[in-house]
Amino acid sequence: MATFKTQVVSAHEDGAISAAVQQLVAGELVAVPTETVYGLAADALNDAAVQKIYAAKGRPAHNPLICHVTDADMAARYVAVTSLARSLMGAFWPGPLTIVLPRRADAGIAPTVTAGLDTLAVRSPDSDITRKIIAKLDRPIAAPSANPSGKLSPTSAADVLEGLSGRLPLILDGGRTGVGIESTIVGVRDEKLYLLRPGSITPDDITAATGQPVYARDDSTITAPGQLASHYAPTAAVRLNATERQAGEILIGFGDVAGDISLSASGNLSEAAHNLFETLRKADTFGQDTIAVAPVPNEGVGIAINDRLARAAAPRD
Ligand code: TXA
Ligand code: MG
């Protein structure tokens, strides 16, 4: 793997967007902000460039990538946009919803993006910076979260630099991300909806917008190879549903459980999602053996937070 002196450039600086596009055209990687977490982007039509994503992250080859597009029309070049998919896009794009759809054969998506699947995940991110980059490139960008595989997702340019310094030429700094956890992923098959990964857009939101039920992933034949048991792992071990600190622990609070640091002192789930990865990172810097985490209600966005926490606490290889 080539090594770089990684530059962090403010996305609002003159020429920043052009510099990013130039790197992508040259087949290099650029870390870009989105509303959820930072992404590690490559030109999705350039297989050699997409392979660099897997190398930089140490990502297993069987785990496919999300293609980021400007809008439904751009998505339609690469996937079959059914009428249900069109209504999801109309309701939630741009925004933190990824939709897995039948891939158009021979539309040019690099084979490495989809890891051999006949489906493609598409999403239109709600970040002006990244939307301008995609529009200027006039090609989708493949982008997983910009962290070494298995580690905490990045919500700032500094997080990206900490994990991937030297493995890419350029990080665009667009400030801290808003949502804080990765997009909701929904699969559409035979005009039925399946939840592949929970996020800030909930099944209730999706049903309210489309009138359709959202089925569990297990009820579908859609492969979701990326949902690994252990992921988002801090250095310390993680203990869930803790209401008190034990010896050798730092306690992350929520609501009435104050803790040493809190996801949200007022018990607000969106605030907790916004703070989740940053708080886990901060907790790690205390150098304790274990990070204990207060219970988070398993409703609304709390379902996505508990999904990430369960993976952070899962046994590691
Ligand atoms: O918010 C997000 O979605 C962020 C930002 C950067 O956009 N991206 C992100 O990417 O979270 P990543 O690679 O960390 O997670 C993508 C997930 C993986 O679990 C992968 O397996 C799944 O999407 N995925 C990608 N393509 C798929 C497909 N065709 N079928 C099923 N799952 C797919
Ligand atoms: Mg990820």
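Hydrogens, waters and symmetry mates play no part in the numbers below; they use all other heavy atoms, side chains included. We count ligands from 1, going down the list as the structure has it; atoms in each ligand are counted the same way.
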Regarding Thr235 and Arg281, do their side chains bring together a donor and an acceptor under 3.5 Å, going by distance alone?
no
For Ser145, take its heavy atoms, then give the atoms of ligand 1 lying under 4.0 Å from any of them.
8 (N), 9 (C), 10 (O), 12 (P), 14 (O)
Tell me whether Thr34 has any N or O atom under 3.5 angstrom from an N or O of ligand 1.
no
Any atoms of ligand 1 less than 4.0 Å from a non-hydrogen atom of Asn63? List them with their elements.
18 (C), 20 (C), 21 (O)
For ligand 1, which atoms sit closer than 4.0 Å to a heavy atom of Thr119?
28 (C), 29 (N), 30 (N)
What I want to check is whether the side chains of Arg131 and Ser124 have a donor and an acceptor closer together than 3.5 Å.
yes
Judged by modelled atom types alone, do Arg308 and Ser153 share a side-chain donor-acceptor pair under 3.5 Å?
no
At less than 4.0 angstrom from any non-hydrogen atom of Leu117, what atoms of ligand 1 do you find?
28 (C), 29 (N), 30 (N)
Just checking, is any N or O donor in the side chain of Thr98 or Ser183 under 3.5 Å from an acceptor N or O on the other one?
yes
Using a distance threshold of 2.8 Å, state whether an N, O or S atom of Ser149 lies below it from the Mg ion (ligand 2).
no
Sub-4.0 Å heavy-atom contact, Arg197 with ligand 1:
yes
Sidechain-backbone polar pair: Ser145 side chain, Asn147 backbone, donor-acceptor under 3.5 Å:
no
Hey, does Glu35 sit under 4.0 Å from ligand 1 if you only count heavy atoms?
no
Do any N or O atoms from the side chain of Thr6 and from the backbone of Leu168 form a donor-acceptor pair under 3.5 angstrom?
yes
Near Gly39, which atoms of ligand 1 are under 4.0 Å from a heavy atom of that residue?
6 (C)
Structural part of Thr114 in contact with ligand 1, heavy atom criterion under 4.0 angstrom
neither
Can you name the atoms of ligand 1, numbered from 1 with element, that are less than 4.0 Å from a heavy atom of Ser183?
1 (O), 2 (C), 3 (O)
Below 4.0 angstrom, N of the basic side chain to O of the carboxylate: do Lys151 and Glu162 qualify?
no
Quick one, Arg311 with Asn306, criterion side chain to side chain donor-acceptor pair (under 3.5 Å). Give me CA distance, side-chain angles, the key distance, then yes/no.
CA-CA 9 Å; Arg311 289 174 211 278; Asn306 284 315; over 6 Å; no
Hey, is Lys57 touching ligand 1 through its side chain, its backbone, both or neither, going by heavy atoms under 4.0 Å?
neither
